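No experiment lies behind these values; they were computed from the predicted model shown.
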Amino acid sequence: MPTRLHIRRCRRTDLPAVMRLLAAAGTPLPVPDRRTLHRFRRLVADLGSDLYLALVDDDTVGLLHVTYARQLVRPPLARVECLLVSPAARRRGIGRALLGFAEDRARRRGCGAIRWSLPAEDPAARHFAENAGLLHTETTVSRPLQAAGNDRKPE
């Protein structure tokens with residue numbers, strides 16, 4: 001692990017650093033507009049999720065987003081929505097540090113498990129998850145939703 005790694009909560013002013021990190025990791029996003037800024041600010045203020053940055057010598061090298069879901073018959077569930085390390089900073093223990101940080105936060109919130117839905121097209125993420133001790137346990141199914149008020153069926 002890097003000697004100067006620091007993990008801190010995202011701030012409202014961190015959107016440019018987050019956008020650079022996402023772009024460097026291959027997730028190109030449009031130039032932040034008002035909607036993007038509004039979504040980011042709501043996410044930072046959301047009490048049902050945690051959004052953190054990993055920094056090494058003030059350089060943003062990682063991003064962690066975890067949400068928490070209450071469940072009817074089980075303890076709360078932590079979901080890793082995003083665990084990302086910049087390509088230049090990989091293989092230095094930053095991803096493991098972020099995952100450990102997420103697990104600590106989840107335990108403190110009373111969660112009984114932590115899940116991370118990996119993108120199917122990312123074998124490096126799957127390899128990382130398996131080496132970190134995460135087990136493949138389920139198949140997720142989903143369906144895209146139409147915007148509210150749109151009565152037309154998708155073509």
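Closest approach of I7 and A97 over heavy atoms only: CD1-O, 4.0 Å. Of all heavy-atom pairs spanning P75 and G110, the tightest one is CB-O, 3.7 Å. In this structure, S86 and L21 approach most closely via the heavy-atom pair CB-CD1, 3.5 Å. Between I94 and A89, the shortest heavy-atom distance links the atoms CD1-O, 3.6 Å. Taking both residues in full, the closest heavy atoms of L5 and A54 are given as CD1-CB, 3.9 Å, listed atom of the first, atom of the second, then distance. Summarising the geometry of C111 relative to A78, their closest heavy-atom pair is SG-N, 3.8 Å, with the distance given to 0.1 Å.
Clustering of Ile, Leu, Val, Met, Phe, Trp and Tyr by side-chain heavy atoms under 4.5 Å joins V73 with L72.
To the nearest 0.5 angstrom, R4 atom CZ is 13.5 Å from L55 atom CG. Residue H6 holds its NE2 atom at 10.5 Å from OG1 of T60, rounded to the nearest 0.5 Å. The distance from the CG atom of D59 to the CG atom of L53 is 11.0 Å, given to the nearest 0.5 Å.
Checked against salt bridge (Lys or Arg N to Asp or Glu O under 4.0 Å), R12 has no partners two or more places apart in sequence or in another chain. Shown here are the salt bridge (Lys or Arg N to Asp or Glu O under 4.0 Å) partners of D104, two or more places apart in sequence or in another chain: R107. With sequence neighbours left out, C82 forms a side-chain contact (heavy atoms from CB on, under 4.5 Å) with L63, H65, L84. Listed by chain and number, the residues in a side-chain contact (heavy atoms from CB on, under 4.5 Å) with A129 are W116, L118, L134 (sequence neighbours excluded). Residues satisfying the salt bridge (Lys or Arg N to Asp or Glu O under 4.0 Å) criterion with R9, sequence neighbours excluded, are D50. Residues that satisfy the side-chain hydrogen bond (donor to acceptor under 3.5 Å, both in side chains) test with D58, not counting sequence neighbours, are absent from this structure. Judged as a salt bridge (Lys or Arg N to Asp or Glu O under 4.0 Å), and not counting sequence neighbours, R79 has no contacts. With sequence neighbours excluded, the residues satisfying side-chain contact (heavy atoms from CB on, under 4.5 Å) with Q71 are R74, L77. Residues forming a side-chain contact (heavy atoms from CB on, under 4.5 Å) with A102 (at least two apart in sequence, or on another chain): L64, V66, I114.
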Would N131 and R96 count as a side chain to side chain contact (heavy atoms under 4.5 Å, CB included) if you check the C-alpha gap in whole Å, the side-chain angles of each, and the deciding distance to 0.1 Å? CA-CA 10 Å; N131 284 338; R96 280 188 183 267; 3.7 Å; yes
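Among residue pairs with one or both ends in residues 72-115, those qualifying as ring pair (Phe, Tyr, Trp, His ring centres under 6.0 Å) are Y52-F101; sequence neighbours excluded. For residues 14-23, the salt bridge (charged side-chain N to carboxylate O under 4.0 Å, His left out) pairs, not counting sequence neighbours, are R8-D14.
Residues V61 and R92 are not in side-chain contact: their nearest non-hydrogen atoms beyond the backbone lie 4.5 Å or more apart.
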